[in-house]
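Values below: all heavy atoms of this structure, side chains included; hydrogens, waters and symmetry mates excluded. Numbers for residues simply follow the sequence, beginning at 1. Both counts, for ligands and for their atoms, begin at 1 and track the order of listing.
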Amino acid sequence: MHILDLPLNDVIRLKAHHKLALDTAGLRTVRHFLLLLPATYVDPSSPDTIDTLQPGTHASVRGIIQSIAVKKMFTQRTPFTEAIIFDGFASIRAIWFTRLAASRFDKGDAVYVTGKVHKNKRGLFFANPVMEKIGKGETALEQIESSAVPLPIYPRIRGIAPYTLADWREQILHSLPQTISDPLPAHLRKKFNLPSFEQALRYVHAPPTLAWASAARKRFAFEELFCIQLTRMREKKIREKEPSFIVVTPQKHISELISRLPFPLTSAQKKASLEILADMERPHPMARLLEGDVGSGKTLVAVIAALAVQHAGFQAAYMAPTEILARQHFAEFCKHLAHFNASMGLLTASECRKFPSKLEPSGSTHVSRSQLALWAKDGVIDILIGTHALIQKNIAFKNLALVIVDEQHRFGIVQRAALTTRGTSAPTPHLLSMTATPIPRTLALTMYGDLNLSLLDEMPPGRVKPLTHIVPPHKHTDAYEFIRKNITAGGQAFVICPRIEETNNAAGEREEEPSAQKKAALEMKSVKKEYTRLSEEVFPDLTVEMLHGKLKPKEKETAIQNFRDKKTDILVSTSVIEVGMDIPNASIMMIEGADRFGLASLHQFRGRVGRAGQQAYCFLFTESKNKKTHDRLTALVKAKNGFELAEYDLALRGAGELSGLAQWGVSDIAMDALKNLKMVEAARLEARKLVEEDSELQNYPDLKERVEQLEKKGLHLE
Ligand code: ADP
Ligand code: MG
């Protein structure tokens, strides 16, 4: 076995609580541990001066330890270490909540300290800083200038002291053989001037200069992007050989469907539909991503694809992320396909329906789940629309030829895979993934490297872009007045709040500044409280209703139906309405605590209003005075479309923060590399070349091993 794949336990002696902490952090093998890379490096030759430190900032200082001792306060049970560091002008305390630090340093040591500066009654102090010995006595401080090497700063692991980790790291690096097998082919290392795997491991943890560290990081990032691309392309190659259903395009029916619409298709919708129909005429499975901004009309494209499949005598399944959406799509499909003898089913946890019904020829009726499942299996139902319920074990199809996954980023990889392999018969169904989450180009190239892309880059005509305003607390009254006027003139408003109920108990309290977190939770406007306030104090003259995840399905439906029927003026809701909900008359989107939502979510919220061509407004309420927060919200005001916003989000926060990415198991360093279009394109190009040459990777055994590991981990997206 490769040394890097040995359990950590085999190379270092771990105590039970260490093992638990490492497991929790997902670090089980030597590889995991060594690839936990420094978050950043600091340069010890240019420290901050102690007398200018500000609380709340990160700082690095250099000085002599004046005293260091383990102390115990009677209010606290565990002892802590306190050191006083003096830099020639001023001194500062450093505190660790462990005894360990005391045994590693002595009075008189010259040290480098880096961490966050806090303040209490006794003045400024570092809490749990990283401290590194650089010599003994004053002279050491002066020598450092010439011999400074970058100091790596690692992400913390709960339950293990940084010093312990540093010891292990040193021990492992020391015992590492000189040549470790390297998955990256030699010709690529040469071409892009990348260090070997073994070199990179050493450079990244103990770099002689920053340039060496960044060369090492570049190598790890490239390797990962390259391997992801390879897995994608290998999968694509395999899938392209699989048999699928041949769906002949029913020209006449599709023309008829289009002619019944109250509007013409946009040219983007036409183009995407043609691409999909052409794909499905081939005997191999389609794998296509339909990407279109909120409101660009993706549902209709899906209806067209489903009609073709139904006409060919096969079945289609449509998976939506929420019950509300499944119901909405079911209604939409019934409306469009009623003339074509299509039979449709709705399958959610709380409700099953069939269309058309003998009892109500123009509507649908409730049926039992087991009856619906039977019909799906026997092929009586042509198009089955539902939520996750679609992928439960007892649901099978007779001849499932098309799987449509709406707002696909909402679903986990496993769920998507479950649906495409649902067909009991041999052929693989065609896959149409739809998303309104604009994905930056680099990300699309990497994660969806194996999907073909159809873009709805055009909005239906007559849409007016909503006007977005950031509303500070002192402008609330003005905004309310504006909303009242708009509603009086026939509009309707959504109010979004971040939480259902007020809670004292902020989940997942972090070590740092628990009080600030608690405060934030307390400040959160709850739907219930906001509902009461708006209906009783602010808008007693208007009708207000609320919608949140804890309502019963029936209650939810009533709330939405009332809003759709314009019986309600204002719907106060949690983020359950985020994706897909279509209420054409809604004209105002007001978001409480807007700073607490990601840009992608805010963009989705805003996409709920102005859908009938009216001028709509989006109000972002925020109490935050933070500059970064304001910049982020301003991006939302300014961005022309979701794609621009996604690029901005990527640049600002990194791909890891973009919604739905955490589940993909991509490392931080590769996420970071997604900002680098050149690297992504190079990795893609090289991966494609290699798959064309040697898709079995017979000439690259080390790479093959690595890629197969990834494939086993299930890093695929269908
Ligand atoms: P999304 O892409 O966000 O899923 P929908 O499919 O929900 O968008 O469509 C949004 C709205 O636009 C719906 O009310 C739909 O009827 C309408 N629509 C779709 N296509 C067109 C079109 N070509 N012209 C005008 N309105 C359209
Ligand atoms: Mg939609």
Chemist: Going by the order shown, which atoms of ligand 1 are within less than 4.0 Å of some heavy atom of S296?
Modeler: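 Selected atoms, number and element: 2 (O), 8 (O).
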
Chemist: Hey, does G292 sit under 4.0 Å from ligand 1 if you only count heavy atoms?
Modeler: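 No; G292 lies far enough from ligand 1 that no heavy-atom distance drops under 4.0 Å.
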
Chemist: Does ligand 1 have a heavy atom under 4.0 Å from the side chain of R611, from its backbone, from both, or from neither?
Modeler: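 Only the side chain of R611 comes within reach of ligand 1.
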
Chemist: Report yes if some N/O of F263 lies less than 3.5 Å from some N/O of ligand 1; otherwise report no.
Modeler: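 No - when backbone and side-chain N and O of F263 are compared with those of ligand 1, no distance drops under 3.5 Å.
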
Chemist: Do T468 and R606 pass the side chain to side chain donor-acceptor pair (under 3.5 Å) test, and can you show the C-alpha distance, the side-chain angles, and the key distance before you say yes or no?
Modeler: CA-CA 9 Å; T468 306; R606 185 171 58 181; 2.8 Å; yes

Chemist: On a heavy-atom basis, which atom in I246 and which in F314 lie closest, and how many Å separate them?
Modeler: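 In terms of heavy atoms, the two residues are closest at O-CE1, 3.5 Å.
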
Chemist: May I ask you to check whether Q328 has an N/O atom sitting below 3.5 Å from an N/O atom of ligand 1?
Modeler: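 In this structure, Q328 places no N or O atom under 3.5 Å from an N or O of ligand 1.
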
Chemist: Take E281 and T249 through the side chain to side chain donor-acceptor pair (under 3.5 Å) test and state the conclusion after the steps.
Modeler: CA-CA 7 Å; E281 288 199 325; T249 306; 3.0 Å; yes

Chemist: Give the atom numbers and elements of ligand 1 that come within less than 4.0 Å of a heavy atom of G297.
Modeler: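 Going through ligand 1 atom by atom, the ones under 4.0 Å from G297 are 1 (P), 2 (O), 5 (P), 6 (O), 8 (O), 9 (O), 19 (C).
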
Chemist: For ligand 1, does P584 get within less than 4.0 Å through its side chain, its backbone, both, or neither, judged by non-hydrogen atoms?
Modeler: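 None of P584 does.
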
Chemist: What atoms of ligand 1 come closer than 4.0 angstrom to any heavy atom of T266?
Modeler: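 With T266 as reference, the close atoms of ligand 1 come out as 23 (N).
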
Chemist: Looking only at N/O atoms, are P461 and ligand 1 under 3.5 Å apart anywhere?
Modeler: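 No; the residue has no nitrogen or oxygen that sits under 3.5 Å from a nitrogen or oxygen of the ligand.
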
Chemist: Using 4.0 Å as the upper bound for N to carboxylate O, is an ion pair formed by R484 and D541?
Modeler: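 Yes, D541 and R484 are salt-bridged.
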
Chemist: Using atom types as modelled and distance alone, determine if a side-chain donor or acceptor of E530 lies under 3.5 Å from a backbone N or O of V572.
Modeler: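 Side chain of E530 to backbone of V572, a donor-acceptor pair under 3.5 Å: no, none is there.
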
Chemist: Under 4.0 Å, counting heavy atoms only: does P262 come that close to any atom of ligand 1?
Modeler: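 False for this residue.
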
Chemist: In terms of atom number and element, which parts of ligand 1 are under 4.0 angstrom from non-hydrogen atoms of T299?
Modeler: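 Matching atoms, with element in brackets: 4 (O), 5 (P), 6 (O), 7 (O).
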
Chemist: Enumerate the atoms of ligand 1 whose separation from the nearest heavy atom of L265 is less than 4.0 angstrom.
Modeler: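 Reading through ligand 1 atom by atom, the close ones are 23 (N).
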
Chemist: Can you check whether F482 and Y617 have ring centres sitting under 6.0 Å from each other?
Modeler: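 Yes; Y617 has its ring centre under 6.0 Å from that of F482.
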
Chemist: Taking non-hydrogen atoms only, is E458 closer than 4.0 angstrom to ligand 1 via side chain, backbone, both or neither?
Modeler: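 Looking at E458 and ligand 1, no heavy atom falls under 4.0 Å.
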
Chemist: Is P264 in polar range of ligand 1, meaning some N or O pair under 3.5 Å apart?
Modeler: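 There is such a contact, yes.
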
Chemist: Over all heavy atoms of both residues, which pair between G313 and N399 is shortest? Give the atoms and the distance, please.
Modeler: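 Distance-wise, the nearest heavy atoms are O-ND2, 3.4 Å.
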
Chemist: Heavy atom under 4.0 Å from ligand 1: found in D582's side chain, backbone, both, or neither?
Modeler: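 Looking at D582 and ligand 1, just side chain atoms fall under 4.0 Å.
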
Chemist: Between Y318 and F330, is the gap from one ring center to the other below 6.0 Å?
Modeler: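 No.
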
Chemist: Give a yes or no on whether a salt bridge exists between R260 and E256, defined as a side-chain N under 4.0 angstrom from a carboxylate O.
Modeler: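 A salt bridge is present here (some side-chain N lies under 4.0 Å from a carboxylate O).
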
Chemist: With under 30° as parallel and over 60° as perpendicular, where do the rings of F621 and F619 fit, or are they tilted in between?
Modeler: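 Rings of F621 and F619: perpendicular, as their planes differ by over 60°.
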
